[in-house]
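Just so you know, these numbers come straight off a predicted model, no measurement behind them.
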Amino acid sequence: MAPRRPTARDRSRRVLSQNFLADPAAVARMVRAARPGPDDLLLEVGAGRGRLTRPLAARCGRLIAYEVDPAVLPELAATCADLPRVRIRPEDFLAAAPPGEPFAVVGNIPWSLTAAVVRWCLAAPGLRSATLLTQLEYARKRAGDHGRWSRLTVLTWPEHHWRLVGRVSRAAFRPVPAVDGGILRLDRRPVPLLSPAALPAYRRMVELGFGGVGGSLAASLRTAHPARRVAGALRAARLDPDTPVGLVWPEQWLVLFRLLHAVDPAPPVGPRSA
């Protein structure tokens, strides 16, 4: 059988970076990864024709489905017509204000907007989790799957946990993209690993380390801390001074921070006792 020739609609979807899930097994994998609960509020990004919307709605309390493509909205509306707990919003998810209550985000998102969707999720104070189907390499990079850790992951690690929870073959999408997909799970920690007062200093240290001043992590840290203290912190974190910054685990960054900032940077509360 000759391969189907791309239609104008196929080309439009590529411009919108839309690759709809067509494999029921991949849909089920996304739903399992999202772990919706019966009382949860879900926001679905890029609902498309509703392939994810129906199974998600069957497991959550309420679902708000965002879709900006007018060509698929009639089919999405028909798919959700008998789902009273689903509200369709034909608008840009990135322009929406986060709900004022706890919520989760789920979606087979437009891959060209992955970074923007992740930024939106990280900035939303009520976000509990985000389960996003992204390009596989993006998910692997954010989750440290190659043994390397990105600046964004390390910066947000005290408040958010990043994981790669599944892989989706490119054959599961229509139109078929050039690469496989990865299911990225982002969870807000119930209790941050650092106090709110310590977070700005932690982020400054991470930015300093990734900035490359001096040619190595050790040299960068020595620009802000005594050399002997940096050497001791590196030993405690089991890091060779020449370790590339991308190979430093988030947990090792926390060890470095706690040792290099032995005094909590937050000002003392109340007067000191004599």
Side-chain angles (χ1 to χ4, degrees), residues 4-34 36 38 40-101 103-121 123-124 126-127 129-135 138 168 170-179 181 183-184:
R4 183 177 69 86
R5 297 183 63 183
T7 65
R9 180 66 192 135
D10 289 335
R11 290 189 290 272
S12 174
R13 288 181 195 137
R14 291 188 185 279
V15 170
L16 292 170
S17 196
Q18 292 174 301
N19 299 289
F20 299 129
L21 277 178
D23 179 11
V27 171
R29 200 175 312 142
M30 274 292 292
V31 175
R32 286 196 302 271
D40 290 350
L41 169 61
L42 297 189
L43 275 57
E44 185 185 1
V45 188
R49 298 188 177 92
R51 291 296 299 271
L52 265 175
T53 313
R54 287 196 70 91
L56 286 171
R59 293 163 175 80
C60 73
R62 290 170 293 147
L63 190 149
I64 302 174
Y66 287 86
E67 178 53 60
V68 296
D69 185 356
V72 300
L73 281 170
E75 190 170 346
L76 176 62
T79 298
C80 300
D82 60 341
L83 301 175
R85 290 178 290 184
V86 175
R87 186 167 67 210
I88 298 173
R89 287 195 176 172
E91 58 190 80
D92 183 3
F93 168 80
L94 294 173
E101 61 185 289
F103 67 96
V105 171
V106 184
N108 171 27
I109 62 178
W111 288 355
S112 64
L113 299 178
T114 299
V117 171
V118 168
R119 284 195 301 270
W120 189 100
C121 291
L127 180 87
S129 69
T131 306
L132 306 174
L133 183 47
T134 73
Q135 286 186 336
Y138 180 92
V168 177
R170 58 191 288 270
F173 299 91
R174 294 294 181 276
V176 179
V179 298
I183 303 175
L184 179 65

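With contacts defined as side-chain heavy-atom distances shorter than 4.5 Å, the pair Pro55/Val27 qualifies. No side-chain heavy atom of Leu42 sits less than 4.5 Å from a side-chain heavy atom of Ile64. With contacts defined as side-chain heavy-atom distances shorter than 4.5 Å, the pair Arg59/Val31 qualifies. In this structure, Leu127 and Val105 have side chains that are in contact, with non-hydrogen atoms separated by less than 4.5 Å. With contacts defined as side-chain heavy-atom distances shorter than 4.5 Å, the pair Phe173/Asp23 does not qualify. Counting heavy atoms from C-beta outward, Leu56 and Val106 have side chains that approach closer than 4.5 Å. Between Pro99 and Leu41, the closest side-chain pair of non-hydrogen atoms falls below 4.5 Å. Using a 4.5 Å heavy-atom cutoff, the side chains of Leu132 and Ile183 are not in contact.
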Val179 and Trp111: CA distance, side-chain angles, deciding distance, side-chain contact (heavy atoms from CB on, under 4.5 Å) verdict: CA-CA 11 Å; Val179 298; Trp111 288 355; 3.8 Å; yes
Pair Arg29, Val168 - check side-chain contact (heavy atoms from CB on, under 4.5 Å), show working. CA-CA 9 Å; Arg29 200 175 312 142; Val168 177; 3.8 Å; yes
Go through it in stages, so that I can follow the logic: the residues are Leu21 and Leu133, the test is side-chain contact (heavy atoms from CB on, under 4.5 Å), and I'd like the CA-CA distance, side-chain angles, deciding distance and then a yes or no. CA-CA 10 Å; Leu21 277 178; Leu133 183 47; 3.9 Å; yes
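The structure places CG of Asp69 at 11.0 Å from CD of Glu75, a figure rounded to the nearest 0.5 Å. Note: Leu94 CG to Cys121 SG = 9.0 Å, rounded to the nearest 0.5 Å. Put simply, CD1 on Ile88 and CD on Glu44 are 10.0 Å apart, with the number rounded to the nearest 0.5 Å. Distance check, rounded to the nearest 0.5 Å: CG of Asn108 to CZ of Phe20 gives 8.5 Å. With values rounded to the nearest 0.5 angstrom, Arg62 atom CZ is found 4.0 Å from Glu101 atom CD. In this structure, CZ in Arg49 is found 9.5 Å from CD in Glu67, a value given to the nearest 0.5 Å.
Proximity of a side-chain donor or acceptor of Arg85 to a complementary backbone N or O of Cys60 within less than 3.5 Å is detected. Looking only at distances, no side-chain donor or acceptor of Trp120 sits under 3.5 Å from a matching main-chain atom of Ala97. A distance-only check finds no donor-acceptor pair linking the side chain of Thr79 to the backbone of Gly50 [under 3.5 Å]. Side-chain N or O atoms of Arg174 include one that pairs as donor or acceptor with a backbone N or O of Ala171 at under 3.5 Å. Side-chain atoms of Arg170 come within 3.5 Å of backbone N or O of Pro177 as a donor-acceptor pair.
Of all the heavy atoms in Leu76 and Gly48, the pair that sits closest is CB-O, 3.3 Å. Nearest approach of Ala47 to Thr53, heavy atoms of both residues: CB-OG1, 3.8 Å. Taking both residues in full, the closest heavy atoms of Pro70 and Pro74 are given as O-CD, 3.3 Å, listed atom of the first, atom of the second, then distance.
Aromatic ring orientation, Phe93 versus Tyr66: perpendicular (interplanar angle above 60°, classes split at 30° and 60°).
Here Arg54 pairs with Asp82 in a salt bridge; the nearest charged N to carboxylate O distance falls below 4.0 Å.
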